[in-house]
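In what follows, every heavy atom counts, from backbone to side chain, and hydrogens, waters and symmetry copies are set aside. Note that ligands are numbered from 1 as they come in the structure, with each ligand's atoms numbered from 1 the same way.
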Amino acid sequence: MMRQALIAGGGIGGLAAALSASRAGWDVRLYERAAAFSEVGAGVQLGPNVTSVLHGWGLKDALARVAAFPPRLQVRDAVTGRELGVLPLGERALQKYGAPYATIHRADLHALLLQAVQAQGNVWLNLNTCVASYADSGREVTLQTEAMAASPLVEAPDARPVGAAPLVQVEGDVLIGADGLWSRVRTQMLNDAPPRITGHLAYRAMLPQTSLPARLRSQQVTVWLGPRLHVVHYPVRGGEWLNVVAIVQGQVKGDLQSWDHGANGADLQNSTQFTAVMLRDLIQAVTDGAHETGPPWRLWPLCDRPPMSGAHQQARGRVALLGDAAHPMRPYLAQGAGMAIEDAAELGSALAQALDPTLDVATLLQRYALNRWERNARVQARSQRNGQIFHARGPLRWGRDVSMKLLGEKLLDLPWLYGATARAL
Ligand SMILES: Cc1cc2nc3c(=O)[nH]c(=O)nc-3n(C[C@H](O)[C@H](O)[C@H](O)COP(=O)(O)OP(=O)(O)OC[C@H]3O[C@@H](n4cnc5c(N)ncnc54)[C@H](O)[C@@H]3O)c2cc1C
């Protein structure tokens, strides 16, 4: 008999899980509270550990059509502009890790996963449907969903606006909580504290390279490190657009759950006024772009959780967490979405074994959690530490710069991270 996986959340993690579970032979019902499948206008870096999973799912050509493949990553001092270190990517990543280092618009990554999911035939996608709670009886898991508004894809034919919405029950063999940083599934499963406010803010912008003066256009990943700030930029959309993210220390008023606060370019210019001319010029050029295409900067308050402490935080009974719901992290290793995709690959491997009716589904989810939690915890911890090193002042900054000069590529290359190949079923 075909087994049913229920998935809460249709972000990068939820779609990757739907793809992997359906490839493992499961029927999948995915519930997304938003009215449309979409992603914020920002970029994402994907290490070879992640692109190898996407290749394994048959998405190599789809990825090659929309991503950029930067030839190198350059680290620079944000104040002096001096080069601190370089990691060759391009061919070298391919040769060393067997898969490329890619940079991609989130919407493009999301769209290629969605297309692959839709081609599967055994996935039911439900928009406008908020996952409210679940019950795990030990023999099955029952999901309570709340229809938020009418949609052609919504399963409940009588879906009504929030407030008047009826609760709809759905039964399945497993529930995967891929509902992000503020996950309801996690709250019910672990009942732990809310995410931590990091005190870091991400200003993000994306613009056509042609809208920039030639000397500011770039096809590489550049990371500028400065006291209490850093800036990362890289190409997306086949290299035609530039994604720029500036992280500064500060607080934001308003909804912490929103990734899309309005941002004042003048505040960012103020925070970066002591940086190198080229960096200031880039920020100025992006800010000036406002006159043509609307306000270019959006603001993202960053939250995280402490590194995972055990497999019990990733699966209990017939319920498992995946992606930011399980291990939200600071973006300083550029691996949050990557770990969600790796989780999904591992989940698919676990679920494939459940097709034998004698095997206990809860045990397989437990295996999934055991195989994932330590790596996720390590990436969370390393991301947090990178934030301290990136924003260092005084002796720590001096030590960082000296080690980068002496060790350069050795420090920047991370075989334990990029070389681990998740099983892409
Ligand atoms: C500034 C910044 C830069 C980053 N850069 C990188 C990078 O370069 N590389 C990288 O790998 N990662 C990066 N990340 C991390 C990455 O963005 C996240 O880890 C990733 O998007 C998490 O995906 P997810 O699917 O787990 O969660 P989300 O993207 O949060 O998706 C959760 C989904 O669930 C839905 N949902 C929520 N609650 C419910 C509910 N109750 N019912 C139904 N649906 C629900 C939401 O609407 C959403 O669609 C970055 C993050 C930031 C902030």
Exercise. Quick one: which of V131, N126, D324, L321 has a heavy atom closest to atom 40 (C) of ligand 1?
Worked result: V131
Seminar exercise, completed: At under 4.0 Å between heavy atoms, what of R204 touches ligand 1? The answer is neither
Problem set entry | Shortest heavy-atom approach to atom 52 (C) of ligand 1 - which of A325, P331, A132, A337 | P331
Exercise. Short list, please: which atoms of ligand 1 are under 4.0 Å from a heavy atom of A178?
Worked result: 32 (C), 33 (C), 34 (O)
Exercise. Which of the atoms in ligand 1, numbered in the order shown and given with their element, are less than 4.0 Å from a heavy-atom of G13?
Worked result: 24 (P), 25 (O)
Exercise. Which ligand 1 atoms are under 4.0 Å away from a heavy-atom of R106?
Worked result: 4 (C), 14 (N), 16 (C), 17 (O), 21 (O), 50 (C), 51 (C)
For this session: Heavy-atom contacts with G323 under 4.0 Å: which atoms of ligand 1 show up? List them by number with element.
Result: 26 (O)
Exercise. Which atoms from ligand 1 have a heavy atom of L302 less than 4.0 Å away?
Worked result: 53 (C)
Seminar exercise, completed: Within the 4.0 Å heavy-atom cut-off, what Q335 brings close to ligand 1 is backbone
For this session: Give the atoms of ligand 1, by number and element, whose distance to some non-hydrogen atom of G338 is under 4.0 Å.
Result: 11 (O)
Exercise. Is there a donor-acceptor contact under 3.5 Å from the side chain of T145 to the main chain of C130?
Worked result: no
Problem set entry | Proximity of W300 to ligand 1 by residue part, where a heavy atom lies under 4.0 Å | side chain
Exercise. Between W416 and R378, is there a cation-pi geometry (under 6.0 Å to ring centre, at most 45° from the normal)?
Worked result: yes
For this session: Give the atoms of ligand 1, by number and element, whose distance to some non-hydrogen atom of I12 is under 4.0 Å.
Result: 25 (O)
For this session: Establish, yes or no, whether a centroid distance under 6.0 Å links the rings of F390 and H200.
Result: no
Problem set entry | Any donor-acceptor pair under 3.5 Å from S211 side chain to L207 backbone | no
For this session: Could you name the option among L113, L127, D179, N49 that has the heavy atom nearest to atom 37 (C) of ligand 1?
Result: D179
For this session: Please could you name the atoms of ligand 1 that A334 approaches to less than 4.0 Å, counting only its heavy atoms?
Result: 7 (C), 8 (O), 9 (N), 10 (C), 11 (O)
For this session: Carefully, step by step, assess H105 and H110 under the rule ring pair (Phe, Tyr, Trp, His ring centres under 6.0 Å).
Result: CA-CA 9 Å; H105 192 310; H110 196 262; over 10 Å; no
